[in-house]
Protein chains: 2
Amino acid sequence: MQKNKFFFIEDFLPYILTQAAETVSANFQVFYKGKYGILRTEWRVLFHLGNFGQMTARDIGINAKTHKTKISRAVFRLEKKKYLKRTTSEEDRRIEFLSLTEKGVGVYNDLKKEAEGFEKRITKNFTESEVLALRKCLKKLEANFD
Amino acid sequence: MQKNKFFFIEDFLPYILTQAAETVSANFQVFYKGKYGILRTEWRVLFHLGNFGQMTARDIGINAKTHKTKISRAVFRLEKKKYLKRTTSEEDRRIEFLSLTEKGVGVYNDLKKEAEGFEKRITKNFTESEVLALRKCLKKLEANFD
DNA sequence: ATATAACAGTTGTTTTTGTAACTAACAACA
DNA sequence: TGTTGTTAGTTACAAAAACAACTGTTATAT
């Protein structure tokens, strides 16, 4: 009892999902790349630390589903920019605790404002329940792969 | 009259959108990359030609919002694999019409089946109207950048 | 204890992408 | 014509991502 006999790429969910994500990301990166010269993974690390406080590279990688080499290099660059500092754990010297410097917090706070403004603008023609439903669907979609 | 005083990265729409897209794409690429060794842009070109018939690289690029160098390289690889052929236009010799070979159509048909199955599986726990609403929201979101 | 496996994070190499500069063809207009 | 601008597509080089192999450390188990 299939309704649509034909395949349309423009209705293929993975395609429109990726297209929407790429368009939104390309427009959002103007802020962090344009203002601070950082890449997407660096933005993610910055925002994890700004949002959750001190974390290890490992835990950021798990939470953001990002490979450890990507995290490692992002941490290196953020450190070089003096946005974050590392502290080796006393109990387990493999682990490094990462946290934002004062400068990093400043950048985080500025980019947080930009993020809030950006989200508002791109959902200007959405009802509040539409935004909530969209968030819910995206999370549910992703949870299907755990 | 703002409700949420705090910023949570896990509720930031561009972030969860990108996360969902990356997770879905990573799982879907297993089919085209695993079975036929092609990349995402090659999949897109293949599916544009399979879906719409003969097209120019330019028009695929416009429709898929993909840079011409990416398209150019994807076309080159698909040609090398004998999935598509080029025909230079008689009226304007800058233009090449691209179309799938018989082999390319075979690959397209197989991957189309996989795509349909994949979409069904990832939306198994969605109601039909949820899927429709999700598609609509994603398209609306993207249209905000035109 | 000590060998082995597991883990956190880094480094090296290859593949892919991004960007700019390029070629070849057409268009417009003096 | 011929000069200038635009367009379709390619190529060259630099930046970034993917993947595998590595270092140093801790956990496990004989």
Side-chain angles (χ1 to χ4, degrees), chain A residues 18-19 21-23 25-30 32-34 36-45 48-49 54-81 84-99, chain B residues 18-19 21-23 25-30 32-34 36-45 48-49 54-81 84-99:
Chain A
T18 300
Q19 291 294 71
E22 284 178 1
T23 298
S25 291
N27 282 275
F28 182 59
Q29 75 159 357
V30 171
Y32 56 82
K33 196 175 185 183
Y36 300 102
I38 62 177
L39 302 170
R40 191 191 295 181
T41 309
E42 291 161 54
W43 180 90
R44 284 182 185 172
V45 170
H48 270 77
L49 296 176
Q54 191 180 73
M55 287 182 84
T56 64
R58 176 180 177 275
D59 290 338
I60 296 174
I62 290 170
N63 195 268
K65 291 191 180 171
T66 304
H67 195 272
K68 60 183 179 176
T69 61
K70 252 174 131 176
I71 301 285
S72 174
R73 281 164 174 146
V75 167
F76 176 78
R77 287 178 184 178
L78 290 173
E79 191 188 27
K80 208 170 63 179
K81 279 187 186 301
L84 68 73
K85 54 182 180 298
R86 320 188 192 217
T87 321
T88 304
S89 164
E90 292 297 327
E91 298 93 47
D92 185 342
R93 296 212 312 290
R94 288 172 299 184
I95 294 172
E96 292 177 329
F97 296 114
L98 307 171
S99 54
Chain B
T18 300
Q19 291 294 70
E22 284 178 1
T23 299
S25 291
N27 281 275
F28 182 59
Q29 74 160 357
V30 170
Y32 56 81
K33 196 176 185 182
Y36 299 102
I38 62 177
L39 302 170
R40 191 189 296 181
T41 308
E42 291 161 53
W43 181 88
R44 285 183 184 171
V45 170
H48 271 77
L49 296 176
Q54 191 180 74
M55 287 181 84
T56 65
R58 175 180 177 276
D59 290 338
I60 297 174
I62 291 170
N63 193 269
K65 291 192 180 171
T66 305
H67 196 272
K68 60 183 180 177
T69 60
K70 252 174 131 176
I71 301 286
S72 174
R73 283 161 177 151
V75 168
F76 176 79
R77 287 177 183 179
L78 289 173
E79 191 188 29
K80 208 171 63 179
K81 279 188 186 303
L84 68 73
K85 54 183 180 297
R86 319 187 191 216
T87 322
T88 303
S89 164
E90 293 296 328
E91 297 95 46
D92 185 342
R93 296 211 314 290
R94 286 172 301 183
I95 293 173
E96 292 177 329
F97 296 115
L98 307 171
S99 53

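As a basis for the values below, the full set of heavy atoms in this structure was taken, side chains included, without hydrogen atoms, waters or symmetry mates. The chains referred to below are lettered A, B, ... by the order of the sequence lines, with proteins before strands, and numbering in each begins at 1. Just so it is clear, the structure is predicted and the values come from calculations on it, not from any experiment.
In this structure, CZ of Phe97(B) is placed 12 Å from P of dA8(D), rounded to the nearest angstrom. Spacing between atom CD1 of Ile38(A) and atom P of dA16(D) amounts to 12 Å, rounded to whole angstrom units. When the C1' atom of dA17(D) is taken as reference, atom CZ of Arg77(A) falls 10 Å away, rounded to whole Å. The interatomic distance linking Arg40(B) (CZ) with dA17(D) (C1') rounds to 12 Å, in whole Å. The CZ atom of Arg94(A) sits 6 Å away from the P atom of dA27(D) (whole-angstrom rounding). The distance from atom CD of Glu96(A) to atom P of dT23(D) is 18 Å, rounded to the nearest whole Å. Spacing between atom CZ of Phe76(B) and atom P of dA12(D) amounts to 12 Å, rounded to whole angstrom units. The NZ-P distance, from Lys70(B) to dA17(D), rounds to 12 Å in whole Å.
Between dG9(D), dA20(D), dT25(D), one nucleotide has an atom nearer to the side chain of Thr69(A) than all others, and that is dA20(D). When distances run from any side-chain atom of Asp92(A) to the nucleotides dA8(D), dT10(D), dT25(D), the shortest one goes to dT25(D).
Residue order along DNA chain C, read from the 5' end via each residue's closest nucleotide, puts Thr56(A) first among Gln29(A) and Thr56(A). Taking the nucleotide of DNA chain D with the nearest heavy atom to each of Arg73(B) and Lys68(A), the more 5' of the two is matched to Arg73(B). Comparing His67(B) and Lys33(A) against DNA chain D, the residue whose closest nucleotide sits nearer the 5' end is His67(B).
Comment: Arg44(A) engages Glu22(B) in a salt bridge, judged by a side-chain N to carboxylate O separation of less than 4.0 angstrom.
Listed for the Gln19(B) side chain is a donor-acceptor partner under 3.5 Å among the backbone atoms of Ala64(A).
Here the NZ-CD1 distance, from Lys81(B) to Ile38(B), works out to 8.0 Å after rounding to the nearest 0.5 Å. In this structure, NZ on Lys85(A) lies 8.5 Å from CD on Gln54(A), to the nearest 0.5 angstrom.
As judged by a 4.0 angstrom heavy-atom cut-off over every strand, Leu39(A) is placed among residues touching the sugar-phosphate backbone only. At the heavy-atom level, Arg86(B) lies under 4.0 Å from the strands shown only through sugar-phosphate atoms. Across all strands, Glu42(B) comes closer than 4.0 Å to no nucleic acid atom at all (heavy-atom distances).
Checking Asp92(A) against Ser89(A) by side-chain atom types alone, no donor-acceptor pair falls below 3.5 Å.
Under the side chain to side chain donor-acceptor pair (under 3.5 Å) criterion, Thr69(B) pairs with His67(B), not counting sequence neighbours.
From the 5' end on, the contacts that DNA chain C makes with chain B at under 4.0 Å to a non-hydrogen atom open and close at dT16(C) to dC26(C).
Ring geometry for Trp43(A) versus Phe28(A): interplanar angle over 60°, hence perpendicular rather than tilted (30 to 60°).
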